[in-house]
Amino acid sequence: MKLSITIKYNDGEAVTYVAGLPEWSKWERKTGKSIYGMTDISKYQQTDFLFLAHSAYVRAAAGKPTKSYEVWELTIDELIIGDQDDPK
């Protein structure tokens, strides 16, 4: 499962991260939740999606320096889950 998560930062920049298998696997280990139980997105907390986005952010950096989750989280103004161009 791949999930697009758009993060709008305090400085006005918006970046879309795609949570793929590595992020979901890490999320399952951390939370004890299962991707296969994710039938109703409204039952999950924003911290679940922030964790996925941060994990994708770190992976996208490909070894370059990144902000820790705690610091990174403080730079966020808005979280948008899914594709915004999807008319459904």
Side-chain angles (χ1 to χ4, degrees):
M1 176 174 172
K2 290 187 178 186
L3 178 66
S4 297
I5 303 170
T6 301
I7 301 294
K8 291 189 179 179
Y9 291 101
N10 298 337
D11 65 3
E13 178 184 21
V15 179
T16 299
Y17 300 104
V18 177
L21 180 61
E23 290 77 35
W24 286 107
S25 180
K26 188 174 180 181
W27 172 79
E28 285 182 334
R29 285 192 307 274
K30 182 178 182 346
T31 65
K33 298 175 186 176
S34 172
I35 188 174
Y36 300 109
M38 190 176 226
T39 55
D40 183 1
I41 202 167
S42 68
K43 292 183 180 180
Y44 291 84
Q45 299 175 339
Q46 71 179 3
T47 55
D48 291 315
F49 301 106
L50 286 174
F51 179 86
L52 289 166
H54 182 265
S55 296
Y57 152 73
V58 170
R59 183 165 59 104
K64 296 177 186 168
T66 58
K67 296 176 183 172
S68 70
Y69 178 85
E70 291 77 16
V71 172
W72 177 80
E73 182 181 37
L74 295 174
T75 66
I76 298 173
D77 270 344
E78 188 176 355
L79 166 73
I80 301 167
I81 301 163
D83 293 325
Q84 296 306 299
D85 295 337
D86 189 355
K88 292 182 182 178

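Throughout, numbering of the chain's residues begins at 1 and tracks the sequence. Small disclaimer: the values here were computed from a predicted structure and weren't measured.
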**Request:** With side chain to side chain contact (heavy atoms under 4.5 Å, CB included) as the test, would you mind laying out the steps for Tyr9 and Val15 before giving the verdict?
**Result:** CA-CA 8 Å; Tyr9 291 101; Val15 179; 3.9 Å; yes
**Asked** Say you draw a straight line from OH of Tyr36 to CH2 of Trp24; how long is it, rounded to the nearest 0.5 Å?
**Response** 11.0 Å
**Prompt:** Between His54 and Tyr57, is the ring centre distance below 6.0 Å?
**Reply:** yes
**Message:** Is it the case that atom CD in Glu13 sees more than 12 heavy atoms from other parts of the structure closer than 6.0 Å?
**Reply:** yes
**Message:** Parallel, tilted or perpendicular: which one describes the rings of Phe51 and Tyr69, with boundaries at 30° and 60°?
**Reply:** tilted
**Asked** What's the spacing between Leu21 CG and Lys2 NZ if we round to 0.5 Å?
**Response** 9.5 Å
**Request:** Work out which heavy atom in Ala53 is nearest to a heavy atom in Trp72; give both atom names and the distance.
**Result:** CB-CH2, 3.8 Å
**Prompt:** Atom CG in Leu50, atom CD1 in Ile5: separation rounded to 0.5 Å?
**Reply:** 8.0 Å
**Message:** Side-chain heavy atoms nearer than 4.5 Å, only ILVMFWY residues, links allowed to pass through others: does that put Ile35 and Tyr17 together?
**Reply:** yes
**Fill in**
Taken to the nearest 0.5 Å, the spacing of Ile80 CD1 from Phe49 CZ works out to 13.5 Å
**Item:** Selection residues 54-73 - residue pairs positive for salt bridge (charged side-chain N to carboxylate O under 4.0 Å, His left out), sequence neighbours left out
**Value:** Glu23-Arg59
**Item:** Minimum heavy-atom distance Glu28-Lys33, with the two atoms named
**Value:** CG-O, 3.2 Å
**Prompt:** Rounded to the nearest 0.5 Å, what separation is found between the NZ atom of Lys30 and the CG atom of Leu52?
**Reply:** 11.0 Å
**Prompt:** Can you tell me if NZ on Lys8 sees more than 12 non-hydrogen neighbours from other groups inside 6.0 Å?
**Reply:** no
**Request:** Kindly indicate, with the supporting measurements, whether the criterion side chain to side chain contact (heavy atoms under 4.5 Å, CB included) is fulfilled by Ile76 and Asn10.
**Result:** CA-CA 6 Å; Ile76 298 173; Asn10 298 337; 5.6 Å; no
**Request:** Nearest 0.5 Å please: distance from the CD1 atom of Ile81 over to the OH atom of Tyr44.
**Result:** 12.0 Å
